[in-house]
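For the single chain, residues carry numbers from 1 onward in sequence order. All ligand and atom numbering here is 1-based and tracks the order in the structure.
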Amino acid sequence: MTAKKKVMLLPGDGIGQEVMAQVVRIIEWMEGAGLISFDLTTGLIGGASIDAYGEPLTDATVANCLDCDAVLMGAVGGPKWDDVPFDKKPERGLLRIRKDMGLFANLRPAIVFEELADASTLKRDVVAGLDIMIVRELTGGIYFGQPRGIETLPNGDRKGVNTLTYTTPEIQRIAKVAFDLAMKRGKKLTSVDKANVLECTILWREEVETVAKSYPDVALSHLYVDNASMQLVRNPKQFDVIVTNNMFGDILSDCAAMLTGSLGMLPSASLGAADENGKRNALYEPVHGSAPDIAGQNLANPLAMILSLAMMLRYSFDLDDAADRLENAVKATLADGVRTGDIMQDGCTKVGTSGMGDAVLRNLAKA
Ligand code: IPM
Ligand code: MG
């Protein structure tokens, strides 16, 4: 075993706390089994940080994250902070950590586990065997473009402004990530834009074409985002890797998540650029939010969080064996018929958040 890896835990708010607790149990088990060696630090983000420090993310927490080898995050937000000023909202903490760590590449795999093919609201035939990867640009686009804000015009009307911008390097670096992933998978890449209306996405399309010249083995196609969202529910298996901008990726990844049966199943990795030693900043988080309606009731599905740990083991630490073992334990748990409410099916055993953690730990120990 090499030197201890420094891992920062940011459970955040709502169900973020509960699902992170299950991941900590799994990390402890893996340490005991000699599979990993982590030095864990826990920090605050989102509403939890607002309550403690009056802001959704502190400079000290950012510095701690930058000092770590990887960050695992739960979720942020909740009605408790509805009245907080916009620039201090819990979500600003998440957007800031992404920006400050330079996490421009957000990988959101949507995989349908065989056992859950009937849990989707779509027909089994449409989703069974689905394995797609959405690559979302995460530090640019309309989420960060200037000018932005709400202003009052001389006539008293109010005007809201957000700006969609992308530069050539921003587009090319995310396109490269997507092409590289496509090369390791089915060699098919779909770039999603709105080039029939938005100039910024005309540039997006042109720059993706430029990068494509270095990847002659990848079949590249382009779709407008409205069509892409329709195709995702019509015939999702036509896709292999999808690359798109920040906002379209936000929307399409929630849609893709539901194909898999539940938003509670989807992990994600957010990666920065590699430095000269190949090290990159990385943050792993479930795609789901803080689900305040079920928070604190031991109802949340921890599998997206647990699968985010598996992504961390694989992408940040090259611990493929440990990642395989964890993913197999999740599959075995589903095969055992263990289900949280969101993926409950006839004949299965309904458990809570900690019960799902117990079941995954049991299967880990068996492997
Ligand atoms: C996501 C979330 C965030 C986003 C919110 C919480 C700011 O929806 O990670 O998909 O829009 O990026
Ligand atoms: Mg989202």
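The shortest separation from a heavy atom of R108 to ligand 1 is under 4.0 Å, placing the residue in contact. Ligand 1 does not have M247 within reach: every non-hydrogen atom of the residue lies 4.0 Å or more from it.
At a 3.5 angstrom cut-off on N or O pairs, E91 does not count as close to ligand 1.
Judged by distance alone, the side chains of Y53 and T61 never bring a donor and an acceptor atom under 3.5 Å apart. A donor and an acceptor atom, one from each side chain of T333 and N363, are located under 3.5 Å apart. Between the side chains of Y166 and E207, not a single donor N or O lies within less than 3.5 Å of an accepting N or O.
The heavy-atom pair separating Q17 from G12 by the smallest distance is NE2-O, 2.6 Å. M8 and T42 get closest at one heavy-atom pair: CE-C, 4.3 Å. Taking both residues in full, the closest heavy atoms of V192 and V225 are given as CG1-CA, 3.5 Å, listed atom of the first, atom of the second, then distance.
Distances from the Mg ion (ligand 2) under 2.8 Å pick out these protein N/O/S atoms: D250 OD1.
Note that R148 lies outside the cation-pi zone of F86, set by a 6.0 Å cut-off to the ring centre and a 45° limit from the axis.
Set against the non-hydrogen atoms of R136, the atoms of ligand 1 under 4.0 Å away are 1 (C), 4 (C), 9 (O), 10 (O), 11 (O), 12 (O).
Between K5 and D69 there is no salt bridge, since no side-chain N of the basic residue sits under 4.0 Å from a carboxylate O of the acidic one.
Nearest protein neighbour of atom 9 (O) of ligand 1, counting heavy atoms only, is R98 NH2, 2.7 Å. Distance from atom 4 (C) of ligand 1 to its nearest protein heavy atom, with residue and atom name: Y143 OH, 3.5 Å. In this structure, the protein non-hydrogen atom closest to atom 10 (O) of ligand 1 is D250 OD1, 2.8 Å.
F179 and Y215 have parallel rings, their planes meeting at less than 30° on a 0 to 90° scale where 60° marks the start of perpendicular.
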